[in-house]
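Below is one structure, written out as structure tokens; the observations come after it.
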Amino acid sequence: MDFELELESLNLPSDQKRPFVIAGPCSAETEEQVMTTAKQLAIKGCHMFRAGVWKPRTKPGGFEGHGEPALKWMAQVKEETGMLIGTEVATPEHVELAMKYGIDLMWIGARTTANPFAMQQLADAMQGLDIPVLIKNPVNPDLELWIGALERINKAGVKKLGVIHRGFSSFEKSMYRNAPMWQIPIELRRRIPNLPICCDPSHMGGRRELIAPLSQQALDLGFDGLMIESHCDPDNAWSDAKQQLTPEVCDYVVGMLVTRQEVFTTEGIKLLRQQIDKIDNDLMELLAKRMRVCREIGQYKKEHNIQVLQTGRYNEILDKRGVQGSLLGMSDQFAKQIFEHIHEESVRQQLEIVNKQ
């Protein structure tokens, strides 16, 4: 990318054996609910408390947050427990009020990230802000849009930047509320290696039983921390009840997570990686050989005036390789996706031949 982010450490608190965890209810519902949840989390060793103060819903008519009065409760949490406090902001007015009440961390939600106009307004309001700002991925799987949001905030002088991966919306039915699509944050880390990445397993899973496995998977992929929704009475929460944990269960889940060390070099891994490199080279040579045959087919189609795309043959390939992948211990969807890309390149090369004068 043309713009290189200027980043500083977030300096978010964490225990040596645990990742940093931001925990708290989806919404700040009442003063009693906020204080009860916060105190229970503080007893369990939580260092950072989160709650949604402004809660625009998908459809109007639901609970949309208390706004400024709830910020007073958040400030009270900070004063009485010593925890740092964080909330979501979506407008310049939100930023101004959050700073007024001593918010220690702000995050920007998925719907806002997807809107460059809104992001620029927030960037203008955050000029020179010296607290951590975390940006959730946009609703749809668009890495450039996510990076663009980071660039806007960074250009405003905000250097304590990180992201929250909460998964992506999909029309297709899935066990997840928002599909993880781990390859997108992995590519983000490749592009910006020193960018802190936090996982939001609550919004990703949409169900409390998925929070633990998603959290572990995020840590296994090298994520830096977690944002987990925790409520003193989750079954009666005013928003997103199914994806919230009690502070006690939240502490249990975090305590069971395994934080793995990044190993740069061991002799055993070195030998295995050499095998991987050899196999990858063989794969590339086989793909090149397959493309040569595809080009010969393209020449035949040109000479006999046959259309390039043969839908029946394409479906046959996907079905056959999907079953084969499953039998060989791979996901059938994974195998199909590979051959979708191979077929796409085959068609591209055949079109070049057919249309060449």
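Between Met181 atom CE and Asn137 atom CG the span is 10.0 Å, to the nearest 0.5 Å. Atom CG in Leu257 sits 5.5 Å away from atom OG in Ser215 (nearest 0.5 Å).
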Quiz prompt | side chain to side chain contact (heavy atoms under 4.5 Å, CB included) between Leu10 and Leu134, intermediate numbers included | solution = CA-CA 10 Å; Leu10 297 183; Leu134 304 180; 3.9 Å; yes
Given the rule in the side chain to side chain contact (heavy atoms under 4.5 Å, CB included) test, do Asp104 and Ile131 qualify, once you have shown the distances and angles that lead to the verdict? CA-CA 6 Å; Asp104 298 294; Ile131 66 171; 5.9 Å; no
- Query: When you look at Ile164 and Ile135, which way does the side chain to side chain contact (heavy atoms under 4.5 Å, CB included) test go after all the steps?
  - Reply: CA-CA 6 Å; Ile164 302 172; Ile135 301 178; over 6 Å; no
Margin query: What verdict does the side chain to side chain contact (heavy atoms under 4.5 Å, CB included) test give for Trp107 and Met227, after you've listed the backbone C-alpha separation in whole Å, the side-chain angles of each residue and the deciding distance to 0.1 Å?
Written below: CA-CA 11 Å; Trp107 74 85; Met227 177 180 278; 3.7 Å; yes
- Message: Using the rule given for salt bridge (Lys or Arg N to Asp or Glu O under 4.0 Å), can you reason through Arg189 versus Asp224, listing the C-alpha separation, both sets of side-chain angles and the distance that settles it, and then say yes or no?
- Response: CA-CA 11 Å; Arg189 168 140 290 170; Asp224 302 286; 2.7 Å; yes
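Between the side chain of Lys160 and the main chain of Val133, no donor-acceptor pair closer than 3.5 Å is present. Side-chain atoms of Arg50 never come within 3.5 Å of backbone atoms of Gly86 as a donor-acceptor pair (strictly under, hydrogens ignored). Thr37 places a side-chain N or O within 3.5 Å of a backbone atom of Cys232 that can act as its donor or acceptor partner. Side-chain atoms of Thr113 come within 3.5 Å of backbone atoms of Lys136 as a donor-acceptor pair (strictly under, hydrogens ignored). Judged purely by atom type and a 3.5 angstrom limit, Asn140 has no side-chain atom pairing as donor or acceptor with the backbone of Asp142. In this structure a side-chain-to-backbone donor-acceptor pair under 3.5 Å is missing from Gln333 to Gly322.
Salt bridge absent: Glu248 and Lys44 never bring a charged side-chain N and a carboxylate O closer than 4.0 Å. Using a 4.0 Å cut-off between charged nitrogen and carboxylate oxygen, Glu340 and Arg321 do not count as a salt-bridge pair. A salt bridge links Asp235 to Arg208: one of the charged nitrogens lies within less than 4.0 Å of a carboxylate oxygen. A salt bridge links Asp282 to Lys278: at least one charged side-chain nitrogen sits closer than 4.0 Å to a carboxylate oxygen. Here Glu6 pairs with Lys159 in a salt bridge; the nearest charged N to carboxylate O distance falls below 4.0 Å.
His94 is not listed as a side-chain neighbour of Glu88, based on a closest heavy-atom distance of 4.5 Å or more. When side chains are defined from C-beta on, Ser202 counts as touching Ile211, because their heavy atoms get closer than 4.5 Å. For the pair Leu5 and Leu150, the minimum side-chain heavy-atom distance is below 4.5 Å.
Under the 4.5 Å side-chain heavy-atom criterion for grouping Ile, Leu, Val, Met, Phe, Trp and Tyr, Tyr176 is not connected to Val139 through any hydrophobic cluster. Criterion: ILVMFWY side-chain heavy atoms under 4.5 Å apart, direct or through other members. Under it, Leu195 and Leu145 are not part of a common hydrophobic cluster. Note: the hydrophobic cluster containing Trp238 does not contain Met74 (ILVMFWY, side chain heavy atoms under 4.5 Å, direct or indirect links). Both Ile186 and Ile184 are part of a single hydrophobic cluster, where members link through side-chain heavy atoms under 4.5 Å apart.
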Which donor-acceptor pairs under 3.5 Å do the side chains of residues 346-353 make with protein atoms, sequence neighbours left out?
residue, atom, partner, partner atom, Å
Ser346, OG, Arg290, NH1, 3.3
Ser346, OG, Ile342, O, 2.9
Arg348, NE, Glu345, OE1, 2.9
Arg348, NE, Glu345, OE2, 3.3
Arg348, NH1, Glu352, OE2, 2.8
Arg348, NH2, Glu345, OE2, 2.6
Gln349, OE1, Arg295, NH1, 2.6
Gln349, NE2, Glu345, OE2, 2.9
Gln350, OE1, Lys301, NZ, 3.0
Gln350, NE2, Cys294, O, 3.2

Scan the side chains in residues 66-73 for donor-acceptor partners under 3.5 Å anywhere in the protein, sequence neighbours excluded, and list what turns up.
residue, atom, partner, partner atom, Å
His66, NE2, Glu29, O, 2.6
Glu68, OE2, Lys100, NZ, 3.3
Glu68, OE2, Tyr101, OH, 2.6

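Under a cut-off of 6.0 angstrom, the local environment of CG in Asn355 is crowded, with over 12 non-hydrogen atoms contributed by other residues, nucleotides or ligands. The number of heavy atoms from other shown groups lying within 6.0 Å of CD (Gln310) is above 12. Dense packing is recorded around CD of Glu209, with more than 12 heavy atoms of other residues, nucleotides or ligands lying under 6.0 Å away. The number of heavy-atom neighbours closer than 6.0 Å to CZ of Phe334, taken from other residues, nucleotides and ligands shown, is 12 or below.
Every residue meeting the ring-ring contact (aromatic ring centres under 6.0 Å, His included) condition with His165, not counting sequence neighbours, appears here in chain and number order: Phe168, Trp182. Considering only residues two or more places apart in sequence or on other chains, Tyr300 meets the ring-ring contact (aromatic ring centres under 6.0 Å, His included) condition with His304. By the salt bridge (charged side-chain N to carboxylate O under 4.0 Å, His left out) test, Lys320 pairs with Glu316, sequence neighbours left out. Among residues two or more places apart in sequence or in another chain, the side-chain hydrogen bond (donor to acceptor under 3.5 Å, both in side chains) test is passed with Gln275 by none.
Side-chain polar atoms of Asp220 and Gln216 form a donor-acceptor pair below 3.5 angstrom. Between the side chains of Glu187 and Gln183, no donor N or O sits under 3.5 Å from an acceptor N or O. Using a 3.5 Å distance cut-off with no hydrogens or angles, the side chains of Gln243 and Arg207 do not pair a donor with an acceptor. For the residue pair Gln244 / Asp240, no side-chain donor-acceptor distance below 3.5 Å is found, with atom types taken as modelled.
When every heavy atom of Asn178 is checked against every heavy atom of Gly167, the shortest pair comes out as CB-C, 3.5 Å.
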